**Q** 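Let me give you the structure first, and then I'll get to my questions.
Quick caveat: nothing in here was measured; it's all calculated off a predicted structure. The sequence lines fix the lettering, A, B, ..., with proteins before strands; numbering per chain opens at 1.
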Amino acid sequence: MSNAIKEGRLDPVFFRRDVLEVAPELLGKFLVRKFDNGRFVKHLITEVEAYRGEEDLACHASKGKTPRTSVMYEPGGVLYIYLIYGMYWMMNVVTGPEDHPQAVLIRGIEGYDGPGKLTRHLKIDKTFNNEDLSTSPRIWIEDAGLRPEYTTLPRIGVDYAGEYWKNVPWRYMIRL
DNA sequence: GGGACGATTGAA
DNA sequence: TCAATCGTCCCA
């Protein structure tokens with residue numbers, strides 16, 4: 001394993017905690033993407049949402065373990081990627097221990113607000129599903145030495161999940 | 001096999 | 001306000 005792979009990366013232990021701990025701590029971390037041509041970019045994470053377990057009716061795992069959702073049952077530290085509205089890839093970081101389906105949706109990074117916009121910019125697609133953030137040569141997350149203040153809000157686009165689950169304040173935004 | 005729908009975005 | 005666009009899930 002090269003130094004480039006280890007340097008600065010968050011340890012898998014970071015991700016194998018409850019999603020409600022991990023999600024706010026991802027704010028102010030660097031999302032790093034290395035492209036095929038060797039160029040790489042770093043963006044601070046500015047907005048995330050937590051999805052927590054089969055009981056969370058807004059979480060895809062609320063329908064149980066399927067081919068699509070099985071990656072959320074992995075130990076934390078891998079990516080869950082899916083297509084929405086036929087056009088946009090959503091990037092999620094799986095958290096928690098094995099068999100606790102949880103994930104953090106990355107909704108915004110510095111310069112690219114919106115989950116569909118940032119994946120388009122970073123050229124993230126389905127080939128990143130199940131990608132391991134601790135070993136991948138093309139995407140990882142680094143500590144930036146920041147612990148920004150943040151605001152919590154209800155999650156976006158989950159009105160179908162019922163009064164309780166659509167209102168839990170599991171959307172986290174860096175305070176401007 | 002068919003149909004409904006979605007953790008979105010951008011344009012009218 | 002609404003179309004684009006397709007993988008996934010549910011029902012038959």
**Q** For residues 144-160 of chain A, which side-chain N or O atoms pair as donor and acceptor with protein atoms under 3.5 Å away, sequence neighbours left out?
**A**
from	atom 1	to	atom 2	distance (Å)
A:Glu149	OE1	A:Arg175	NH1	3.1
A:Arg155	NH1	A:Ala50	O	3.0
A:Arg155	NH1	A:Asp56	OD2	2.7
A:Arg155	NH2	A:Asp56	OD1	3.1
A:Arg155	NH2	A:Trp165	O	2.8
A:Tyr160	OH	A:Ala58	O	3.4

**Q** Applying a strict under-4.5 Å side-chain criterion to I, L, V, M, F, W and Y, I'd like to know whether A:Leu105 and A:Val78 cluster together.
**A** yes
**Q** Cluster question for you: counting only ILVMFWY and a side-chain heavy-atom cut-off of under 4.5 Å, with indirect links fine, are A:Tyr172 and A:Tyr51 together?
**A** no
**Q** Please give the stem ranges for DNA chain C, sorted by first residue number, where a stem is three or more consecutive Watson-Crick or G-U pairs and both donor-acceptor distances are under 3.5 Å.
**A** B:1-6 with C:6-11, B:8-11 with C:1-4
**Q** Base, sugar-phosphate or nothing for A:Arg120? Non-hydrogen atoms, less than 4.0 Å.
**A** sugar-phosphate
**Q** Mind checking whether A:Ile106 and A:Thr119 have side chains closer than 4.5 Å, heavy atoms only?
**A** no
**Q** Restricting to side-chain contact (heavy atoms from CB on, under 4.5 Å), what partner residues turn up for A:Lys63, sequence neighbours left out?
**A** none
**Q** So, does A:Thr66 get its side chain near the phosphate of C:dT8, meaning an N or O under 4.0 Å from OP1 or OP2?
**A** no
**Q** Under 3.5 Å, is there a donor-acceptor pair between the A:Gln102 and A:Thr95 side chains?
**A** yes
**Q** Answer with base, sugar-phosphate or nothing: what part of the nucleic acid does A:Arg155 contact at a heavy-atom distance below 4.0 Å?
**A** nothing
**Q** If you walk 5' to 3' along DNA chain B, what is the first nucleotide with an atom under 4.0 Å of a heavy atom in chain A, and what is the last?
**A** B:dG6 to B:dG10
**Q** What pair of heavy atoms forms the shortest contact from A:His60 to A:Arg68, and how long is it?
**A** CE1-NH2, 3.3 Å
**Q** A:Glu54 vs A:Tyr73, test: side-chain hydrogen bond (donor to acceptor under 3.5 Å, both in side chains). Steps then yes/no.
**A** CA-CA 10 Å; A:Glu54 295 184 345; A:Tyr73 291 75; 2.5 Å; yes
**Q** What residues in residues 79-116 of chain A put a non-hydrogen atom under 4.0 Å from any atom of DNA chain C?
**A** A:Leu83, A:Tyr85, A:Gly86, A:Met87
**Q** Strictly distance-based, threshold 3.5 Å: is any side-chain N or O of A:Ser62 a donor or acceptor partner for the main-chain N or O of A:Cys59?
**A** yes
**Q** What's A:Lys126 touching, base or sugar-phosphate or nothing? Going by heavy atoms closer than 4.0 Å.
**A** nothing
**Q** For A:Arg120, give me all partners under side-chain contact (heavy atoms from CB on, under 4.5 Å), at least two apart in sequence or on another chain.
**A** A:Lys117
